[in-house]
Structures are given as structure tokens and as C-alpha cells.
Amino acid sequence: MNSSRTPARDERLHGTHAAVIEWYRRASRDLPWRAPERTPWQVLVSEIMLQQTPVGRVLPVWRRWLEQWPEPGDLAAASPAEVLRAWDRLGYPRRALRLHAAAQNIAAEHDGRVPEDHAQLLALPGIGAYTAAAVAVFAFGQRHTVVDTNIRRVEARVFSGRALPSRSLTAAETRLAQDVLPQDIAESVAWNQAVMELGALICTARSPRCDECPVRRDCAWVAAGSPPAQETPRGQLWHGTDRQVRGAMMAVLRAADEPVRAQLLLTDLAGSEQIAGEHAAPPAVVIERLGALWRLPVPAEQRERALNGLLADGLATSDDGAVSLPG
DNA sequence: GACCCGTGGTG
DNA sequence: TCACCAAGGGT
């Protein structure tokens, strides 16, 4: 987009700001990490959990998590196994380990308080450009450019006239987000929050509800006749992937109170009968998870690769041929 | 940039 | 049904 500032452009942009922020006041969701009494730690935990994970699935886990570990120091003192079990099925369990590591860093290096400084936030494990900006903005009220998938999509449509943003974040998108960010600090905070919410509720990826959009008259994409996306994103593979196997193994380990023989994790449905005879029967829940793992139609070597991946990532430990959650 | 990393709801 | 999608980060 043309970044030159003209009175006409500034006035129109101001109108867009006002319309989106007003819509937010009227239509935004009432989420606990937005409550006036929220703490920076609560915001940070929410941002990590919300990475690639829908709000509805995060809510119950977030509540339990902060009840159990109300301050960074509380989480820092927990074991990785406790942390991974509390993470439950949010997905991408590496995020849980990184949040744990971040809490330990905060406890050791920042006197147990979430740092306000953007660069210090960025230095924490599991916190990248988006999350550092989001915490600085939503927890501390600073002026930073927040660029998440919602904001990218809204700005691609409204300002660039494109149906969808590019596959990966480009420098041009970041520049655009910086260009359209209000100068006033309080307004910039409101804008970041409001645009993200607009993308989540109205300007959605699949079937946007343009008839409810507060800026449909300012939208370059609508003005162009809402042309369809040029390239469809290649879908995330799942069936038959390492990720599927790793996920099934983690489900077993989360359910197991005691270490699980590696043999039980590496066999398939065909091999399970003879294996089962050689071991004491695990609890029913573990058997159920094992059954799901055994049923996956993947070769033995893939099961080994998946387990080695879990061990390498610190999501599991192995002792004398028995596997369990770490620590 | 490309690729890897979970999980489950949904159009 | 099934591919798409979700407040990304690290390598």
C-alpha cells in the first residue's frame, strides 16, 4: 500500500480505526485474560496457549493452569511431567516445556515478574515476534505492531484488496501493519485488540461475514468484488505422519502413572498380543491409549523415529527400556 | 523460506 | 466426508 501520508488518506484511516474500535466495544468476546484485573502472567500464559489453538479449547486449561500456578515462580517449581499433564490435549506440547522454561527464566532473572521490555520478552523461550508484542501491548499497554494471522488477513483484505495473506509473513505485511498502527498509544492498543478480534469473529478465513463488518465500505477486497484467493494453502498433513504417532504416544504417557515399556510403544496391533502376555496389564486408560497407538497404520521404523523425536525434544525420558514423561 | 511440531472443531 | 483451520516458534 502507498505509505505516503496525505490528509485524505489519514482521515480515511482514522475513520477505519474508529469504526473497528467502536465495533470491538460493542461485539468483542468477554475473555478472562482481557479482564481489568488480569495480570501480565495471565496474559502471557494465554498467549502461549493460543498459539495455533482455538479459544474454546484454551479456556478450561488456562483456568486450571493459573489456579495451580498463579505466579511464574509457582510454575518454575513444577516438574515437566506435571506441566505436560496439565497441558492436556492443547497440542504442540513443546509449548508447555517452553512456557515452563520461560517461567524458570522469569523466576531466576526477572525477580519472578514478567518483564515489560519487548526485547526481554523476545529473549524468553517460546516467545517470538508476535507473542512479545502481544504481551507488551495487552499486558502493559505499550505501542507495538502486533501481527498475527487475524491481523494479517484483515489488513490484506481491507488495505491490499487480497482475499488472503501470503503463506508466510512478509516484510511488506509487517510494514503495512506498522503504517496503519495509530500513533496514539491508547488508540494503538485498542486497534491491535480490535483488528485481531474482527479477524476472529467477522473477517474469518473461510466465510467472512461481510454484512456485519464495520469497515465493509472501506474494504479494498469488497470494493474489488471479493475475488477468490489465487493459491490455496497446502493442507497440513496428518494421517500417517510422525506427528500423529508422537501425539498418540504422548497420550499414552500422559495417562500412565508408571513408566511404559518402550516395546509397548513401538509395537503394532499385530504384535500387541504376544507383547501383552509379557507384561503386567497397565490400567484401562493406558490400554485404551495404547490401542489407539497400535492401530495406527504406520511402519515400525516410523514408530521408532517418533519415539526418538519425543526423547530428543525432552518430551519423554527413557530409563532401562521404560519410557515416561520427564522429571 | 521451507519444514516440523498436536489436536479437534467445522463448512 | 474430509480438507481446512486455529492469538506461532524454532531450526
Side-chain angles (χ1 to χ4, degrees), chain A residues 28-29 31-34 42-62 84 87-99 101-102 121-139 144-154 164-171 173-174 177 192-201 203-209 229 231-254 289 292-293 296 305-306 308-310 312-316:
Chain A
S28 63
R29 294 166 292 181
L31 299 172
W33 45 84
R34 292 174 178 166
Q42 291 172 343
V43 172
L44 193 162
V45 171
S46 79
E47 291 300 342
I48 301 290
M49 290 184 173
L50 288 165
Q51 292 170 3
Q52 301 285 284
T53 306
V55 166
R57 203 176 318 156
V58 165
L59 272 169
V61 181
W62 182 87
L84 288 168
W87 194 257
D88 197 36
R89 292 178 295 180
L90 281 186
Y92 292 140
R94 296 192 294 189
R95 290 183 295 163
L97 294 185
R98 295 202 180 111
L99 177 56
L121 287 165
L122 195 55
L124 294 171
I127 296 192
Y130 162 75
T131 307
V135 173
V137 170
F138 303 138
H144 288 281
T145 306
V146 177
V147 185
D148 81 318
T149 187
N150 291 306
I151 291 180
R152 291 180 63 207
R153 188 175 53 252
V154 173
L164 292 173
S166 48
R167 282 200 179 97
S168 54
L169 178 64
T170 64
E173 286 180 75
T174 302
N192 279 322
Q193 186 74 84
V195 177
M196 198 179 305
E197 188 78 341
L198 187 67
L201 297 184
C203 194
T204 55
R206 250 176 294 182
S207 23
R209 309 159 72 167
E231 41 182 345
T232 55
R234 53 183 174 290
Q236 314 166 3
L237 297 176
W238 174 246
H239 293 286
T241 62
D242 286 10
R243 267 154 59 170
Q244 186 184 27
V245 181
R246 288 167 58 118
M249 287 179 174
M250 287 298 290
V252 172
L253 297 179
R254 279 196 306 267
R289 303 284 191 276
L293 174 60
L296 295 179
R305 177 151 34 91
N308 287 335
L310 293 182
D313 287 351
L315 290 163

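Order of the sequence lines fixes the chain letters, A, B, ..., with proteins taken first and strands second; residue numbering starts at 1 for each chain. Heavy-atom basis, side chains included; hydrogens, waters and symmetry copies ignored.
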Problem - dG6(B) and dT1(C), which share atom name P, separated by this distance in whole Å - result: 26 Å

Exercise for the section: For Gln236(A), report the nucleic acid contact type (base, sugar-phosphate, nothing); a contact means any heavy atom under 4.0 Å. Expected result: base

Exercise for the section: Classify the nucleic acid contact of Thr204(A) as base, sugar-phosphate or nothing, counting any heavy atom under 4.0 Å across all strands shown. Expected result: nothing

Problem - Minimum-distance pair of heavy atoms, taken over all atoms of Thr204(A) and Arg153(A) - result: C-NE, 3.4 Å

Practice task
Determine the contact category for Arg89(A): base if any of its heavy atoms lies under 4.0 Å from a base atom, sugar-phosphate if only primed atoms, P, OP1 or OP2 are that close, otherwise nothing.
Solution key: sugar-phosphate

Practice task
Using atom CG of Leu121(A) as one end and atom P of dG8(C) as the other, report the distance to the nearest whole Å.
Solution key: 17 Å

Practice task
Describe the nucleic acid contact of Leu31(A) in one word from base, sugar-phosphate, nothing, applying a heavy-atom distance below 4.0 Å.
Solution key: base

Handout entry: Among dG6(B), dA7(C), dG11(B), the nucleotide that comes nearest once only the side chain of Arg206(A) is considered
Key = dG11(B)

Completion exercise
Taken to the nearest whole Å, CH2/Trp238(A) to C1'/dC4(B) is 12 Å

Problem - Pairwise C1' distance, dG9(C) and dG1(B) [rounded to whole Å] - result: 15 Å

Exercise for the section: Assess whether atom CZ of Arg209(A) is packed by more than 12 heavy atoms of other residues, nucleotides or ligands within 6.0 Å. Expected result: no

Practice task
Return the 5'-most residue of the pair Tyr92(A), Ser168(A) with respect to DNA chain B, ranking by each residue's nearest nucleotide.
Solution key: Ser168(A)

Exercise for the section: Give Trp33(A) one of three labels, base, sugar-phosphate or nothing, depending on what nucleic acid heavy atoms sit under 4.0 Å from its own. Expected result: base

Problem - d(CZ, Arg167(A); P, dG1(B)) in whole Å - result: 12 Å

Practice task
State, without any angle test, whether Glu47(A) and Tyr130(A) hold a side-chain donor-acceptor pair at a distance under 3.5 Å.
Solution key: yes

Handout entry: Residue closer to the 5' end of DNA chain B, Leu169(A) versus Ser207(A) (nearest nucleotide)
Key = Leu169(A)

Exercise for the section: Mind calculating the distance between CD1 (Ile127(A)) and P (dG9(C)) to the nearest angstrom? Expected result: 9 Å

Practice task
Scan Thr131(A) against the nucleic acid and name what it touches under 4.0 Å (heavy atoms): base, sugar-phosphate only, or nothing.
Solution key: sugar-phosphate

Exercise for the section: Determine the contact category for Gly128(A): base if any of its heavy atoms lies under 4.0 Å from a base atom, sugar-phosphate if only primed atoms, P, OP1 or OP2 are that close, otherwise nothing. Expected result: sugar-phosphate

Exercise for the section: Rounded to the nearest angstrom, tell me the gap between atom CG in Leu97(A) and atom P in dG8(C). Expected result: 20 Å

Practice task
Measure from CZ on Arg152(A) to C1' on dC5(C) and round the result to the nearest Å.
Solution key: 14 Å

Exercise for the section: Using a 4.0 Å heavy-atom cut-off across all strands, classify Ala205(A) as base, sugar-phosphate, or nothing. Expected result: sugar-phosphate

Handout entry: Separation of dC4(B) C1' from Leu315(A) CG (nearest whole Å)
Key = 13 Å

Practice task
Using whole Å, report how far NE2 of His239(A) lies from C1' of dT7(B).
Solution key: 12 Å

Practice task
For residues Ala133(A) and His144(A), report the shortest heavy-atom separation together with the two atoms involved.
Solution key: CB-CB, 4.2 Å

Practice task
Determine whether Cys203(A) and Val195(A) make a side-chain contact, defined as any pair of heavy atoms from C-beta on separated by less than 4.5 Å.
Solution key: no

Fill in the blank from the handout: The side chain to side chain contact (heavy atoms under 4.5 Å, CB included) partners of Arg94(A) (sequence neighbours excluded) come to Arg98(A), Asp313(A), Leu315(A)

Handout entry: Separation of the P atoms in dA7(C) and dC5(B), to the nearest angstrom
Key = 22 Å

Handout entry: Contact nearer the 5' end of DNA chain C, comparing Leu122(A) with Arg34(A)
Key = Arg34(A)

Problem - Test item: Arg305(A) side-chain N/O and Asp242(A) main-chain N/O as donor-acceptor pair under 3.5 Å - result: no

Exercise for the section: Remember a base hit wins even if backbone is also touched, and classify Arg305(A) as base, sugar-phosphate or nothing at under 4.0 Å, heavy atoms. Expected result: nothing

Exercise for the section: Look at Arg254(A) and dT7(B) and indicate whether a side-chain polar atom (N or O) is within less than 4.0 Å of OP1 or OP2. Expected result: yes

Handout entry: Ser28(A) versus Arg34(A), side-chain donor and acceptor atoms under 3.5 Å
Key = no

Exercise for the section: Under 4.0 Å between any heavy atoms, over every strand shown, what does Asp242(A) touch: base, sugar-phosphate, or nothing? Just pick one. Expected result: sugar-phosphate

Problem - Candidates Val45(A), Leu44(A), Leu50(A) - the one meeting side-chain contact (heavy atoms from CB on, under 4.5 Å) with Trp33(A) - result: Leu50(A)

Fill in the blank from the handout: Per the under-4.0 Å heavy-atom filter, residues of residues 50-62 of chain A near DNA chain B come out as Gln52(A), Thr53(A), Arg57(A)

Practice task
Please state whether the phosphate of dC5(C), meaning OP1 or OP2, lies under 4.0 angstrom from any side-chain nitrogen or oxygen of Arg153(A).
Solution key: no

Handout entry: Selected nucleotide, minimal atom distance to Thr149(A) side chain, candidates dG9(B), dG8(C), dG10(C)
Key = dG8(C)

